[in-house]
Amino acid sequence: MSEPIIVARGVGVELGGTPVLDGIDLTVSPGEVVAVLGANGAGKTTLLRCLAGLQPAAGSVSVLGGPPADTPEFWRDVVLVGDEPAWYPGLTVREHLDLVGAVHGPGPLDAGRALELFELADRADRADRAPTALSTGQRQRLSLALALLRPSRLLLLDEPERGLDAAFRDRLAVLLSDYAAGGGTVVMVTHDPRFAEGARHVALEAAA
Ligand SMILES: Nc1ncnc2c1ncn2[C@@H]1O[C@H](COP(=O)(O)OP(=O)(O)OP(=O)(O)O)[C@@H](O)[C@H]1O
């Protein structure tokens, strides 16, 4: 059996003097799709940030064999899609895809396929706009497309459904299951039953 990608034991976080996570254990194997579920404020984003090395925590967290750290080596294998990324000023949608594909690719998708699949070039000018001139859902599509241009072993997704229409959610669910079938691992925070379906559920309850 292959080594787990993630081993977290007794993870605890306090924010502003209040416990947010308390004694969380999680083991994730390669090729798994895990949905972290729970009410608003249960600590889902905080847990994802712990796995990304962005939130210090009590207990122990190991990701890909070591403690997660905000370093270039860590981000070579791990992709986080959370809050909207900082777009490159002056670059269009197409130029973002070309740049990320050229620097970090090849990943599961190439720039041309991402434009087509994520319907970022449907209208003649859409791919030639700045990302800030897209709708919320279109910007989320671009964030996800950029994530899939890079080769990675672990995708950490915080509410990937944000702004996406139903048809595109279905398409994304297929892309994620293809990613996992290829050996990639997905840990996502979601409120969407469409994404939770077929994933292993990890339910969080508010610590306080
Ligand atoms: N910087 C902070 N300082 C103090 N408390 C915080 C801070 N950030 C988050 N919290 C609190 O920590 C708790 C967990 O927040 P978190 O964002 O992890 O929840 P969540 O489960 O992802 O919620 P949602 O489903 O609403 O996105 C919440 O009660 C929130 O108010």
Side-chain angles (χ1 to χ4, degrees), residues 4-28 32-64 67-71 74-75 78-87 131 134-148 152 154-166 168-170 172-173 175-177 179-180 184-208:
I5 288 267
I6 294 172
V7 182
R9 291 285 170 264
V11 173
V13 173
E14 276 192 16
L15 294 175
T18 306
V20 170
L21 296 176
D22 186 17
I24 302 296
D25 295 326
L26 177 66
T27 303
V28 181
E32 272 199 290
V33 179
V34 171
V36 181
L37 309 173
N40 291 136
K44 304 179 297 298
T45 294
T46 305
L47 178 61
L48 211 64
R49 286 174 52 77
C50 293
L51 301 179
L54 300 174
Q55 171 63 55
S60 68
V61 180
S62 168
V63 175
L64 296 165
D70 192 7
T71 61
F74 180 74
W75 293 118
V78 180
V79 177
L80 171 68
V81 180
D83 293 338
E84 194 156 325
W87 307 110
L134 297 176
S135 74
T136 306
Q138 289 164 345
R139 286 201 304 279
Q140 180 67 351
R141 287 179 191 213
L142 179 57
S143 299
L144 292 160
L146 292 170
L148 290 171
S152 64
L154 174 62
L155 281 181
L156 298 174
L157 307 177
D158 195 355
E159 298 186 35
E161 66 267 23
R162 222 177 303 204
L164 299 179
D165 61 42
F168 193 78
R169 289 178 193 205
D170 286 347
L172 180 61
L175 283 168
L176 295 180
S177 98
Y179 176 83
T185 305
V186 181
V187 177
M188 69 181 128
V189 168
T190 186
H191 292 285
D192 186 339
R194 176 70 187 84
F195 288 113
E197 189 188 306
R200 174 158 71 89
H201 296 184
V202 171
L204 290 189
E205 286 176 21

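Order of listing sets the numbers, starting from 1, for every ligand and every atom in it. As a basis for the values below, the full set of heavy atoms in this structure was taken, side chains included, without hydrogen atoms, waters or symmetry mates. A quick note: this is a predicted structure, and the numbers were derived from the prediction, not measured.
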Minimum-distance pair of heavy atoms, taken over all atoms of Val81 and Gln140: CG1-NE2, 4.4 Å
How close do Gly43 and Leu21 get, heavy atom to heavy atom, and via which atoms? O-CD2, 3.6 Å
Taking Arg194 first and then Glu161, would you say they form a salt bridge - that is, a charged N and a carboxylate O separated by under 4.0 Å? no
Between atom CZ of Arg162 and atom OG1 of Thr190, what is the distance when rounded to the nearest 0.5 Å? 10.0 Å
Return the minimal non-hydrogen interatomic distance between Leu146 and Trp87, and the atom names on each side. CD1-CZ3, 3.8 Å
Does this structure show an ion pair linking Arg141 with Asp165, if we count only N-O contacts that are shorter than 4.0 Å? yes
Between ligand 1 and the protein, which N/O pairs are shorter than 3.5 Å?
| residue | atom | partner | partner atom | Å |
| --- | --- | --- | --- | --- |
| ligand 1 | 18 (O) | Thr45 | N | 3.4 |
| ligand 1 | 18 (O) | Thr46 | N | 2.9 |
| ligand 1 | 18 (O) | Thr46 | OG1 | 2.6 |
| ligand 1 | 19 (O) | Gly43 | N | 3.4 |
| ligand 1 | 21 (O) | Ala42 | N | 3.1 |
| ligand 1 | 21 (O) | Gly43 | N | 2.9 |
| ligand 1 | 21 (O) | Lys44 | N | 2.9 |
| ligand 1 | 21 (O) | Lys44 | NZ | 2.7 |
| ligand 1 | 22 (O) | Thr45 | N | 2.9 |
| ligand 1 | 22 (O) | Thr45 | OG1 | 2.9 |
| ligand 1 | 23 (O) | Gly41 | N | 2.9 |
| ligand 1 | 25 (O) | Asn40 | ND2 | 3.0 |
| ligand 1 | 25 (O) | Lys44 | NZ | 2.7 |
| ligand 1 | 25 (O) | His191 | NE2 | 2.9 |
| ligand 1 | 26 (O) | Asn40 | ND2 | 2.9 |
| ligand 1 | 27 (O) | Glu159 | OE2 | 3.3 |

